[in-house]
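Below: the structure, in structure tokens.
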Amino acid sequence: MDDIRNYVKERYARAIKNNTSCCGSGGCCCGTTGASDILSMTRGNYDGTVLEKTPPQMADQSFGCGNPFTEADIHPGETVLDLGSGAGLDLFLASEATGPSGKVIGLDMTDEMLETAAENLRGLDNVTLVKGYIEDMPLESGTVDVIISNCVINLSPDKGKVLKEAFRVLRPGGRFCVSDTVFLRPVTERAVKNLAAWSGCIAGALQETEYADLLKEAGFIEIEVRRTKVYDVPDALAAMAFPELSAEERKEINGALASALILAKKNLDSPPGEKRTREKQ
């Protein structure tokens, strides 16, 4: 787990410091030119009128694959937790939604991301940044109304533990609404490795049914995995992006990967979990 965490931290620290992509050298989900632009995960996730409200640099610092706010239904006064909060775009939007009476917590393990978010969110009194791992959240049980996240849980080496921790920190009746990448069908290890080279955001993606099963095991109800963007990769584009793959392997990749909204709730009669302290950044 430490090896994977260190790799992810290094990649995202480098991306935010150099204002470059989160992706690997074999292509890029976050880029703006060539094949990578056609395959872009970050493009078009937020309406332009929404982004106009945010500091101008935030949109370029977002490495997400969707928009959790389309279904999060955040109300004034609620407590929102953003898992892998990065440079702070979703924290900014959640801060507006909760208003001054609410609370927004950004949890991230990368110092450079936390430093950037602190600068971006300067003056927002209802936002708190916390350093920690999403597999072991330094938060008290039953204290969060809504959990959001944007293309982060797939990066965890222990997704089952992340979802159990999410269930623990939510209040009874709390909502889980995250954007993430999923596979729509089984793919070979070779195909996964090539997609991972294209994007740092999908190497650990689950199949839709696997995601739902882990949420159920964690205790969630009303589970839904809703596809928002399926990544079609026609053969001509696949040949350009993945020249080492055979024609048959390129067919396997086409339409196998998607961004999705992952929705679930904590039942109202859930017992309180263990207490845990929170460290402030």
Side-chain angles (χ1 to χ4, degrees), residues 1-9 12 64-66 68 71-72 74 78-86 90-91 94 103-111 113-114 117 127-182 201 203-206 210-225 260-281:
M1 184 177 289
D2 285 342
D3 288 344
I4 295 173
R5 282 172 171 169
N6 289 336
Y7 175 76
V8 172
K9 280 196 283 189
Y12 281 85
C65 60
E71 294 293 335
I74 297 169
E78 288 190 315
T79 296
V80 179
L81 170 62
D82 184 2
L83 302 180
S85 49
D90 288 343
L91 294 175
K103 182 187 298 184
V104 181
I105 303 165
L107 177 62
D108 206 289
M109 67 178 180
T110 305
D111 289 329
M113 284 294 187
L114 290 165
V127 177
T128 300
L129 298 176
V130 178
K131 184 177 179 179
Y133 298 120
I134 61 176
E135 300 88 359
D136 188 21
M137 302 178 195
L139 300 168
E140 293 185 5
S141 301
T143 56
V144 174
D145 296 297
V146 187
I147 287 177
I148 60 173
S149 186
N150 203 337
C151 208
V152 170
I153 295 175
N154 74 86
L155 297 169
S156 169
D158 192 342
K159 299 167 189 62
K161 192 171 183 182
V162 174
L163 299 179
K164 288 176 182 177
E165 279 286 271
F167 187 85
R168 178 184 66 80
V169 302
L170 279 172
R171 293 190 175 102
R175 290 113 57 204
F176 179 89
C177 181
V178 309
S179 292
D180 215 343
T181 51
V182 294
C201 311
L206 297 169
E210 292 174 327
Y211 219 129
D213 288 345
L214 286 177
L215 282 164
K216 186 175 180 180
E217 288 176 17
F220 284 98
I221 60 172
E222 298 184 32
I223 298 163
E224 181 180 358
V225 180
L261 273 175
I262 319 294
L263 309 172
K265 289 184 179 179
K266 183 172 181 176
N267 50 327
L268 286 168
D269 57 355
S270 295
E274 62 178 298
K275 290 187 177 181
R276 197 171 296 182
T277 59
R278 186 177 76 210
E279 301 174 2
K280 290 188 178 181
Q281 174 68 16

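The structure displayed is predicted, hence computed values, not measured ones.
Separation of atoms CG (Leu261) and CG (Leu263) is listed at 5.5 Å; rounding is to 0.5 Å. The distance from the CD1 atom of Ile221 to the CG atom of Asn267 is 5.0 Å, given to the nearest 0.5 Å. Atom-to-atom distance recorded for Ser156:OG and Leu83:CG is 10.0 Å, nearest 0.5 angstrom. To the nearest 0.5 angstrom, Glu165 atom CD is 9.5 Å from Ile147 atom CD1. The CG atom of Leu129 sits 12.5 Å away from the CE atom of Met113 when rounded to the nearest 0.5 Å. Taking CZ of Arg171 as the start and OG1 of Thr79 as the end, the distance is 4.5 Å to the nearest 0.5 Å.
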- Verify side-chain contact (heavy atoms from CB on, under 4.5 Å) between Cys65 and Asn150, making sure each step is shown before the conclusion. CA-CA 6 Å; Cys65 60; Asn150 203 337; 4.2 Å; yes
- Item | From CA spacing to verdict: side-chain contact (heavy atoms from CB on, under 4.5 Å), Leu107, Ile134 | CA-CA 7 Å; Leu107 177 62; Ile134 61 176; 4.1 Å; yes
- Task: Show your reasoning for whether side-chain contact (heavy atoms from CB on, under 4.5 Å) applies to Val182 and Ile262.
- Result: CA-CA 10 Å; Val182 294; Ile262 319 294; 4.3 Å; yes
- Query: Can you check side-chain contact (heavy atoms from CB on, under 4.5 Å) on Arg175 and Glu78, steps first, answer last?
  - Reply: CA-CA 11 Å; Arg175 290 113 57 204; Glu78 288 190 315; 2.7 Å; yes
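Checked by atom type and distance alone, the side chain of Asn154 never pairs as donor or acceptor with a backbone atom of Asp180 at under 3.5 Å. A donor-acceptor pair is defined here as one N or O able to donate and one able to accept, closer than 3.5 Å; such a pair exists between the side chain of Asp108 and the backbone of Ser85. Judged by distance alone, the side chain of Arg168 and the main-chain N or O of Leu139 form a donor-acceptor pair under 3.5 Å.
Summarising the geometry of Gly173 relative to Leu268, their closest heavy-atom pair is CA-CD2, 3.6 Å, with the distance given to 0.1 Å. Pairing each heavy atom of Ala264 with each of Ile223, the nearest pair is CB-CG1, 4.0 Å. Contact detail for Ala72 and Cys177: the closest heavy-atom pair is N-SG, 3.6 Å. In this structure, Met109 and Lys131 approach most closely via the heavy-atom pair O-CE, 3.8 Å. In this structure, Val178 and Pro68 approach most closely via the heavy-atom pair CA-CB, 4.4 Å.
The aromatic rings of Phe167 and Phe220 stand perpendicular to each other, their planes meeting at an angle above 60°, with 30° marking the opposite boundary.
Take Asp213 and apply the side-chain hydrogen bond (donor to acceptor under 3.5 Å, both in side chains) test, not counting sequence neighbours, and it matches no residue. The salt bridge (charged side-chain N to carboxylate O under 4.0 Å, His left out) search around Glu222 returns Lys265, not counting sequence neighbours. In this view, Tyr211 satisfies the ring pair (Phe, Tyr, Trp, His ring centres under 6.0 Å) rule with no residue, not counting sequence neighbours.
Residues Leu81 and Thr143 have side chains not in contact (no heavy-atom distance under 4.5 Å, counting atoms from C-beta outward).
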